[in-house]
Structures are given as structure tokens and as C-alpha cells.
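Structure first, then comments.
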Amino acid sequence: MRKYGIQFSPVGLLFYALQLLPNIIWMLMPPANNVLSKNSSSYNILNIIEGLFGVLTVILMIFLIHKGEGSNSTLYMGMAALFLLLYYISWIFYYSGVVAPWLLIIGIASMPPLYFFFVGLWMNNYILLIPCAIFGITHIVITSMNYL
């Protein structure tokens with residue numbers, strides 16, 4: 001933990017805001033066929049785990065800074081950008097009326113955790129990776145339970 005410090009990261013906030021953009025649009029202008037409005041588990045423990053580890057992922061991305069040496073790999077940033085792009089494309093399909101399970105699970109549920117994971121690698125924030133993985137698994141499990 002000596003290599004980490006608690007301080008505000010504008011870069012972490014920017015990365016979070018980029019991922020949040022489709023969700024803001026969804027809240028302000030929901031699509032006609034809005035099946036995602038009911039994407040929660042009937043098992044409350046899964047909803048709690050997903051919410052807790054999702055929030056923890058965001059907090060760690062915005063407020064936990066790696067102070068040590070290390071290079072920010074362009075591979076990690078490229079992967080993060082790819083997953084964010086695929087997430088945006090998935091939302092475009094969703095707004096176009098495509099609500100197939102593959103789109104909801106692979107495109108909308110899987111892309112944010114993968115994006116956060118690679119952002120965490122790029123920021124050398126390895127502590128972020130554990131809650132991000134737990135968030136991702138529960139996010140995908142809940143969506144799979146609802147749409148498969």
C-alpha cells in the first residue's frame with residue numbers, strides 16, 4: 001500500500017465519465033423498448049455485490065493513485081479504448097431496437113468492467129482490479145440470468 005496514495009485523480013474521473021455517458025443519455029431519453037430498466041437480480045445479495053463492487057471500482061479509479069514508477073502501456077489504453085468503443089456501439093444497437101441477449105450480455109454488461117480493468121492497468125492501479133473483476137462477474141451473471 002506504500003505505493004498508493006489517496007488523492008483526487010481528474011484522469012480517473014474523466015475515464016469514469018466517458019463510460020457513464022451512455023447511461024446518462026439512457027436516463028434522460030430511454031429507448032422505446034427499454035428492457036434494461038428491469039435488469040436486476042431476484043437475489044438481493046447479487047444486487048448488493050454488484051452495486052458495492054461497482055462503486056468501489058469507481059472510487060478506487062478516482063481517488064487511489066499509484067505513486068511508484070511504471071510505464072503506462074499503450075496496449076492497455078488501446079484495449080480500454082476498444083472496449084469503450086464496443087460499449088458505445090452496443091448502445092447504438094440497443095437504441096436501434098436490438099435487444100438480443102448477446103448484445104445485452106456481451107455488449108452492454110461485459111464492456112464496462114473490461115474497460116475499467118484496462119484503465120486500472122494503464123493507471124498502474126492494481127488494487128482496482130480485484131473489485132472490478134467481482135463487479136464484472138456479478139454484472140454479467142445478473143444480465144445473463146435475466147436475458148438467457
Side-chain angles (χ1 to χ4, degrees), residues 1-31 34-95 101-147:
M1 280 299 285
R2 290 182 185 159
K3 293 184 178 185
Y4 293 91
I6 297 175
Q7 77 182 62
F8 175 73
S9 169
V11 172
L13 180 62
L14 174 64
F15 285 130
Y16 175 58
L18 288 172
Q19 183 276 329
L20 194 59
L21 185 60
N23 300 90
I24 293 169
I25 295 169
W26 177 64
M27 287 176 51
L28 297 174
M29 298 178 305
N34 193 10
V35 299
L36 286 176
S37 65
K38 296 179 178 153
N39 190 30
S40 63
S41 176
S42 57
Y43 301 101
N44 282 333
I45 189 68
L46 288 178
N47 296 321
I48 292 167
I49 292 169
E50 177 193 33
L52 176 70
F53 285 96
V55 168
L56 186 57
T57 298
V58 172
I59 289 171
L60 291 173
M61 188 167 52
I62 296 173
F63 294 107
L64 188 67
I65 306 296
H66 186 269
K67 299 186 292 187
E69 295 292 320
S71 64
N72 296 354
S73 171
T74 55
L75 172 65
Y76 296 147
M77 184 48 59
M79 293 300 293
L82 173 66
F83 290 127
L84 184 64
L85 176 64
L86 292 172
Y87 184 58
Y88 287 172
I89 291 169
S90 298
W91 275 102
I92 291 168
F93 276 107
Y94 183 70
Y95 268 84
W102 64 266
L103 175 76
L104 300 174
I105 295 165
I106 296 170
I108 294 180
S110 300
M111 292 303 119
L114 288 168
Y115 167 72
F116 289 144
F117 193 87
F118 280 95
V119 165
L121 287 172
W122 182 81
M123 294 176 74
N124 297 314
N125 189 341
Y126 304 112
I127 294 173
L128 165 85
L129 304 181
I130 295 168
C132 180
I134 296 169
F135 162 69
I137 291 166
T138 54
H139 196 53
I140 293 165
V141 165
I142 289 170
T143 305
S144 297
M145 289 171 60
N146 286 326
Y147 301 107

Please confirm whether the backbone N or O of F15 pairs with a side-chain atom of Y115, one donor and one acceptor, at under 3.5 Å?
yes

Checking the side chain of Y4 only, and the main-chain atoms of Y126 only, is there a donor and an acceptor separated by less than 3.5 Å?
yes

More than 12 heavy atoms of other residues, nucleotides or ligands under 6.0 Å from CD1 of I130: is that the case?
no

I'd like to know whether V119 forms a side-chain contact (heavy atoms from CB on, under 4.5 Å) with Q19, so could you lay out the CA-CA distance, the side-chain angles of the two residues, the decisive distance to 0.1 Å, and finally the verdict.
CA-CA 11 Å; V119 165; Q19 183 276 329; over 6 Å; no

Of all residues at least two apart in sequence or in a different chain, which pass the ring-ring contact (aromatic ring centres under 6.0 Å, His included) check with F117?
none

How far apart are the closest heavy atoms of C132 and P113, and which atoms are they?
SG-O, 3.2 Å

Provide the closest heavy-atom pair for S41 versus L46 in the form atom of the first, atom of the second, distance.
OG-CD1, 3.6 Å

Working for side-chain contact (heavy atoms from CB on, under 4.5 Å), residues I24 and M27
CA-CA 5 Å; I24 293 169; M27 287 176 51; 5.8 Å; no

Does any N or O in the side chain of S37 come within less than 3.5 Å of the main-chain N or O of N34, such that one atom is a donor and the other an acceptor?
yes

Once you round to the nearest 0.5 Å, how far does CD1 of I140 lie from CZ of F135?
9.0 Å

For a 4.5 angstrom cut-off between non-hydrogen side-chain atoms, does T57 reach L128?
yes

Other residues, nucleotides and ligands only: do more than 12 of their heavy atoms fall within 6.0 Å of CG on L28?
yes

Using the rule given for side-chain contact (heavy atoms from CB on, under 4.5 Å), can you reason through L20 versus N23, listing the C-alpha separation, both sets of side-chain angles and the distance that settles it, and then say yes or no?
CA-CA 5 Å; L20 194 59; N23 300 90; 4.1 Å; yes

What do you reckon, are the aromatic ring centroids of Y95 and W26 less than 6.0 Å apart?
no

Check: W91 ring centroid to Y88 ring centroid under 6.0 Å:
no

Donor-acceptor pair, distance only, cut-off 3.5 Å: does the side chain of Y147 make one with the backbone of V35?
yes

If we ignore hydrogens and angles and just use 3.5 Å, is the side chain of T143 paired with the main-chain N or O of I105 as donor and acceptor?
no

List the residues meeting side-chain contact (heavy atoms from CB on, under 4.5 Å) with I65, not counting sequence neighbours, and say none if there are none.
Q7, S9

If we ignore hydrogens and angles and just use 3.5 Å, is the side chain of Y16 paired with the main-chain N or O of F116 as donor and acceptor?
no

Spatial distance of atom CG (L84) from atom CG (L21) [nearest 0.5 Å]:
9.0 Å

Classify the ring geometry between F93 and W102 as parallel (under 30°), tilted (30 to 60°) or perpendicular (over 60°).
perpendicular

Is any side-chain heavy atom of I106 closer than 4.5 Å to a side-chain heavy atom of M111?
yes

Do you know the tightest heavy-atom contact between G107 and S90?
CA-OG, 3.0 Å

Looking at N39 and N146, would you say the former's side chain and the latter's main chain have a donor-acceptor pair under 3.5 Å?
no

Spatial distance of atom CG (L13) from atom CD1 (I62) [nearest 0.5 Å]:
5.0 Å

Under 3.5 Å, is there a donor-acceptor pair between the side chain of N125 and the main chain of H66?
no

Could you measure the distance from the CD1 atom of I89 to the CG atom of L103? Nearest 0.5 Å is fine.
11.0 Å

Tell me, with the steps shown, if M79 and W122 meet side-chain contact (heavy atoms from CB on, under 4.5 Å).
CA-CA 10 Å; M79 293 300 293; W122 182 81; over 6 Å; no

So, does N47 use its side chain to make a donor-acceptor pair with the main chain of S40 at under 3.5 Å?
no

Which atom names give the shortest non-hydrogen contact between M61 and M123, and what distance separates them?
O-CE, 3.6 Å

dist M77:CE -> L75:CG (nearest 0.5 Å) comes out at 11.0 Å

Restricting to non-hydrogen atoms, name the atom on L121 and the atom on L129 that form the minimum distance, rounded to 0.1 Å.
CD2-CD1, 3.6 Å

Rounded at 0.5 Å granularity, tell me how far NZ in K67 sits from CZ in R2.
10.5 Å

Heavy-atom nearest pair, H139 first then I108, reads NE2-O, 4.2 Å

Aromatic centroids of F83 and F118 separated by under 6.0 Å:
yes

